[in-house]
Amino acid sequence: QEVKLWDAMKITAFVLATGLLVFTALANSVSWYVQNIWDPPGHFWQTTWLKFYYLFDGKEWTIFLLGAALVPSLAFWCFNGILMVADVTGKPAFITRYRIQLGKNDPVDTKKLRQAIYIALCNQFFISLPMLVPMFYIMKWWGNTFSKELPTFYWFLVELSIFTLIEEILFYYTHRLVHLPLLYKHIHKKHHEWTAPIGVVSVYAHPVEHILSNTLPVMTGPMIMGSHIVSIAAWFSIALITTSISHCGYHLPFLPSPEFHDFHHLKFNQCYGVLGVLDYLHGTDTVFRQTKAFERHRVLLSLTPLSESIPDAPRRAE
């Protein structure tokens with residue numbers, strides 16, 4: 001077992017390193033085009049950042065709190081607010097018709113929902129927020145976080161790729177850790193109370209799990225890279241929205257597929273990661289790959305729900 005695990009980790013390191021090099025090469029080739037969006041004539045984004053910076057007199061702690069806490073929280077709750085309306089009312093139909101687990105949370109149990117909201121808020125206020133204090137001093141030590149000059153869009157793409165790879169590694173292994181029987185019983189079982197998850201459940205977890213699996217994998221990348229506060233705000237917002245999509249229970253058009261993680265909540269012992277790379281290398285997606293959910297695991301580019309175009313096989317009559 002140890003030899004297999006070591007071999008898998010070596011393969012993982014090789015694949016991730018190769019992926020990073022390929023991504024960097026591709027990013028370099030397209031950076032000229034996307035730079036026009038990030039830094040248009042007149043340096044719109046740079047000017048906007050400087051106005052914001054001077055609005056708060058360059059007070060680093062205030063700027064850090066706004067960028068690392070307020071902006072991502074607003075992104076999370078605004079996105080999940082829309083989803084919760086659909087979960088509770090069953091409307092609008094253009095959202096609910098894309099439900100993955102048909103017949104589940106239709107409508108959602110409001111008592112369970114209130115509990116999930118309460119735990120999510122507690123985790124954000126009493127765990128995530130205090131964890132920003134040591135992060136702030138680490139970022140100050142780097143000396144780049146509150147620079148008056150924004151990073152280039154090309155560099156932001158490089159950072160984003162590194163953040164994503166770090167999150168995949170840390171989340172996969174900490175997630176596997178809390179699935180050990182002892183830790184699962186006392187820690188991770190809380191998150192799995194929702195076999196058919198909804199968006200806000202993405203941060204519905206035991207405090208220990210929220211630290212290990214939800215917060216540290218996302219915070220580590222910027223702390224290693226010494227990233228700018230604007231990059232941190234963007235990354236935290238992206239991470240919170242994507243994990244909400246993974247838990248939302250709806251396979252919506254033009255958004256990342258949530259089938260992978262939804263299957264994890266359904267079966268418990270499959271699909272532990274974010275990207276699926278480590279699951280493939282460790283063989284923890286073999287059952288998933290044999291299901292209709294795997295066939296549906298792609299970005300939906302039409303308005304026809306994949307549950308209709310790729311329906312589950314009819315159950316045999318007993």
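Sequential numbering from 1 along the given sequence is applied to the chain's residues.
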K.L.:
Quick check against the 3.5 Å criterion: does Asp279 have a side-chain atom that pairs as donor or acceptor with the backbone of Gly273?
P.N.:
yes
K.L.:
Evaluate the side-chain hydrogen bond (donor to acceptor under 3.5 Å, both in side chains) criterion for residues His265 and His191: first the C-alpha distance (whole Å), next the side-chain angles of each, then the deciding distance (0.1 Å), finally the verdict.
P.N.:
CA-CA 9 Å; His265 275 262; His191 185 66; 3.2 Å; yes
K.L.:
Using a cut-off of 6.0 Å, state whether more than 12 heavy atoms not belonging to Lys189 lie near its atom NZ.
P.N.:
no
K.L.:
Under 3.5 Å, is there a donor-acceptor pair between the side chain of Glu167 and the main chain of Val218?
P.N.:
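Looks like no, no N/O pair under 3.5 Å.
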K.L.:
Using a distance-only test with no angle check, is there a side-chain donor-acceptor pair under 3.5 angstrom linking Tyr98 and Ser307?
P.N.:
no
K.L.:
Which pairs, with at least one residue in residues 257-276 and sequence neighbours excluded, count as a salt bridge (charged side-chain N to carboxylate O under 4.0 Å, His left out)?
P.N.:
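For residues 257-276, and leaving out neighbouring residues, the salt bridge (charged side-chain N to carboxylate O under 4.0 Å, His left out) pairs sorted by first residue read Glu259-Arg296.
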K.L.:
Under the side chain to side chain donor-acceptor pair (under 3.5 Å) rule, what pairs show up with a residue in residues 131-144, not counting sequence neighbours?
P.N.:
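Sorted pair list: Glu60-Lys140.
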K.L.:
Is the number of heavy atoms from other residues, nucleotides or ligands within 6.0 Å of CD (Glu308) greater than 12?
P.N.:
yes
K.L.:
Sub-3.5 Å donor-acceptor pair from the side chain of Thr145 to the main-chain atoms of Ser227, do we have one?
P.N.:
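Yes, Thr145 side chain to Ser227 backbone: donor-acceptor pair under 3.5 Å.
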K.L.:
Kindly say whether Thr284 contributes a backbone atom to a donor-acceptor pair with the side chain of His282 at under 3.5 angstrom?
P.N.:
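No.
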K.L.:
If we ignore hydrogens and angles and just use 3.5 Å, is the side chain of Asp57 paired with the main-chain N or O of Lys59 as donor and acceptor?
P.N.:
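No.
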K.L.:
Which residues satisfy the side-chain contact (heavy atoms from CB on, under 4.5 Å) test with Thr164, sequence neighbours excluded?
P.N.:
Trp235, Leu275
K.L.:
Any donor-acceptor pair under 3.5 Å linking the side-chain atoms of Tyr54 with those of Lys148?
P.N.:
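A donor-acceptor contact under 3.5 Å links the two side chains.
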K.L.:
Could you pull out all residues at least two apart from Glu193 that satisfy salt bridge (charged side-chain N to carboxylate O under 4.0 Å, His left out)?
P.N.:
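With sequence neighbours excluded, Glu193 shows a salt bridge (charged side-chain N to carboxylate O under 4.0 Å, His left out) to no residue whatsoever.
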K.L.:
Is the backbone of Leu216 close enough, under 3.5 Å, to the side chain of Thr220 for a donor and an acceptor to pair up by distance?
P.N.:
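Yes, because the side chain of Thr220 sits within donor-acceptor range (under 3.5 Å) of the backbone of Leu216.
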K.L.:
How long is the gap from OH on Tyr173 to CG on Leu278, to the nearest 0.5 Å?
P.N.:
5.0 Å
K.L.:
I need the full list of side chain to side chain donor-acceptor pair (under 3.5 Å) pairs touching residues 116-131, with sequence neighbours left out, sorted by first then second residue.
P.N.:
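Residue pairs passing side chain to side chain donor-acceptor pair (under 3.5 Å), neighbours aside: Trp77-Gln124, Ser128-His210.
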K.L.:
Provide the closest heavy-atom pair for Phe260 versus His297 in the form atom of the first, atom of the second, distance.
P.N.:
CB-CE1, 3.4 Å
K.L.:
Go through the structure and list residues passing ring pair (Phe, Tyr, Trp, His ring centres under 6.0 Å) with Phe236, not counting sequence neighbours.
P.N.:
none
K.L.:
Indicate whether the side chain of His247 and that of His261 have a donor and an acceptor atom separated by less than 3.5 Å.
P.N.:
yes
K.L.:
Within the structure provided, determine whether Ile127 and Met131 are in side-chain contact (heavy-atom separation under 4.5 Å).
P.N.:
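Contact flag for Ile127/Met131 side chains = yes.
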K.L.:
Which residues pass the side-chain contact (heavy atoms from CB on, under 4.5 Å) test with Ile95, sequence neighbours left out?
P.N.:
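Ile95 satisfies side-chain contact (heavy atoms from CB on, under 4.5 Å) with Ile82, Ala86, Pro92, Tyr250, Leu252 once adjacent residues are dropped.
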K.L.:
So, does Thr96 use its side chain to make a donor-acceptor pair with the main chain of Gly90 at under 3.5 Å?
P.N.:
yes
K.L.:
Counting distance only, does the side-chain N/O of Asn80 pair as donor-acceptor with the main-chain N or O of Val200 below 3.5 Å?
P.N.:
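Side chain of Asn80 to backbone of Val200: a pair is present.
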K.L.:
Run the side-chain contact (heavy atoms from CB on, under 4.5 Å) test against Trp61 and tell me which residues pass, sequence neighbours left out.
P.N.:
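Result, side-chain contact (heavy atoms from CB on, under 4.5 Å) vs Trp61: Phe64, Leu65, Val133, Phe136.
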K.L.:
Against Pro217, only a single residue in Leu170, Ile169, Ile166, Val274 fulfils side-chain contact (heavy atoms from CB on, under 4.5 Å); can you say which?
P.N.:
Leu170
K.L.:
Would one find more than 12 heavy atoms of other residues, nucleotides or ligands at under 6.0 Å from atom CZ of Phe268?
P.N.:
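For Phe268, atom CZ is crowded (more than 12 foreign heavy atoms under 6.0 Å).
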K.L.:
Verify whether one side chain among Ser213 and Thr174 offers a donor that lies under 3.5 Å from an acceptor in the other.
P.N.:
yes
K.L.:
Which pairs count as ring pair (Phe, Tyr, Trp, His ring centres under 6.0 Å) when at least one residue sits in residues 212-232, sequence neighbours excluded?
P.N.:
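Those involving residues 212-232 are Trp49-His228.
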K.L.:
For the side chain of Glu295 and the backbone of Ile310, is there at least one donor-acceptor N/O pair under 3.5 Å apart?
P.N.:
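No.
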K.L.:
Could you tell me which residues satisfy ring pair (Phe, Tyr, Trp, His ring centres under 6.0 Å) with His179, sequence neighbours excluded, listed by chain and number?
P.N.:
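His175, Tyr184, His188, His192, His264, Tyr272.
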K.L.:
Is any side-chain heavy atom of Ile245 closer than 4.5 Å to one of Phe79?
P.N.:
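Touching, per the 4.5 Å side-chain cut-off.
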K.L.:
Please answer: with hydrophobic residues joined when any side-chain heavy atoms are less than 4.5 Å apart, are Leu132 and Leu74 in the same cluster?
P.N.:
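Yes, Leu132 connects to Leu74 through the hydrophobic network.
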K.L.:
Could you check whether any side-chain N or O of Ser202 sits under 3.5 Å from a backbone N or O of Gly199, counting only pairs where one atom can act as donor and the other as acceptor?
P.N.:
yes
K.L.:
Cluster partners of Leu266, using ILVMFWY side-chain heavy atoms under 4.5 angstrom, listed by chain and number?
P.N.:
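Taking Ile, Leu, Val, Met, Phe, Trp and Tyr as members, Leu266 stands alone, with no cluster partners.
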K.L.:
Checking Thr48 now: which residues fulfil side-chain contact (heavy atoms from CB on, under 4.5 Å) with it, not counting sequence neighbours?
P.N.:
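Thr48 satisfies side-chain contact (heavy atoms from CB on, under 4.5 Å) with Phe44 once adjacent residues are dropped.
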K.L.:
Quick one: OG1 on Thr215 to CD1 on Ile211, what's the gap to the nearest 0.5 Å?
P.N.:
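So the gap between those two atoms works out to 7.0 Å.
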K.L.:
Going by salt bridge (charged side-chain N to carboxylate O under 4.0 Å, His left out), Asp106 matches just one of Arg99, Arg97, Lys91. Which one?
P.N.:
Arg99
K.L.:
After noting the C-alpha distance and the side-chain angles of Ser244 and Phe76, does the key distance pass the side-chain contact (heavy atoms from CB on, under 4.5 Å) rule?
P.N.:
CA-CA 8 Å; Ser244 296; Phe76 176 84; 3.3 Å; yes
